[in-house]
J.: 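Just passing along the structure, written as structure tokens.
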Amino acid sequence: MSSVLAILGISAFFVFQYFSQPEEFGGFKEGTEQYNGYRYAQDNQLNSVDQCDDEKHDPAINFNPDFLYGCKHYFK
């Protein structure tokens, strides 16, 4: 009986670890600027790389080289 409980406990731990991993888009980890750039292109359904910096002067978006790299990577 204790063996079964131990196996269930270990299995539950691994399932929890699997589902608590950070989300990745385009190979970028959630929370990074590259990830934000990739998501920006995806969420706004951009049609080309040229649109990556259309909102360059928007103070709410942190445009930097890492962000642009992630955005451009969406089109590869």
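Heavy atoms only: backbone and side chains are in, while hydrogens, waters and symmetry mates are out.
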J.: Could you tell me which non-hydrogen atom of Y69 sits nearest to which non-hydrogen atom of Q34, and how far apart they are?
T.: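 Y69 and Q34 have their closest heavy atoms at CD2-CG, 3.9 Å.
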J.: How close do H73 and F28 get, heavy atom to heavy atom, and via which atoms?
T.: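 Closest approach of H73 to F28: CD2-CE1, 3.6 Å.
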J.: With rounding to the nearest 0.5 angstrom, report the CD to NZ distance, Q51 to K72.
T.: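 Between Q51 CD and K72 NZ, I get 13.0 Å after rounding to 0.5 Å.
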J.: Suppose we screen for side chain to side chain donor-acceptor pair (under 3.5 Å). Which residues come up paired with D43, at least two apart in sequence or across chains?
T.: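 By the side chain to side chain donor-acceptor pair (under 3.5 Å) rule, D43 matches R39.
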J.: Could you please spell out the steps behind the side chain to side chain contact (heavy atoms under 4.5 Å, CB included) verdict for Y40 and N44?
T.: CA-CA 6 Å; Y40 174 78; N44 292 294; 3.1 Å; yes
J.: Any idea which heavy atoms bring F75 and C52 closest together, and the distance?
T.: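 What the structure gives for the nearest pair is CE1-SG, 3.9 Å.
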J.: For V4, which fellow cluster members are found when Ile, Leu, Val, Met, Phe, Trp and Tyr are connected by side-chain heavy-atom distances below 4.5 angstrom, either directly or through intermediates?
T.: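 Other cluster members: L8.
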J.: Holding to side chain to side chain contact (heavy atoms under 4.5 Å, CB included), I want the full list of residues that pass it with S3, two or more places apart in sequence or in another chain.
T.: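 Residues passing side chain to side chain contact (heavy atoms under 4.5 Å, CB included) with S3: none at all.
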J.: Could you tell me which residues satisfy ring-ring contact (aromatic ring centres under 6.0 Å, His included) with Y74, sequence neighbours excluded, listed by chain and number?
T.: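 Applying ring-ring contact (aromatic ring centres under 6.0 Å, His included) to Y74 gives Y38.
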J.: Who else is in I7's hydrophobic cluster (ILVMFWY, side-chain heavy atoms under 4.5 Å, direct or via others)?
T.: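 Cluster partners of I7: none, it stands alone.
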J.: For a quick test of reading the model, state the closest non-hydrogen atom pair linking L46 to C71 and the distance between them.
T.: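 Taking L46 first and C71 second, the nearest heavy atoms are CD1-SG, 3.9 Å.
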J.: What residues form a side chain to side chain contact (heavy atoms under 4.5 Å, CB included) with N64, not counting sequence neighbours?
T.: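 For N64 the side chain to side chain contact (heavy atoms under 4.5 Å, CB included) partners, ignoring immediate neighbours, are E33, N62, D66, F67.
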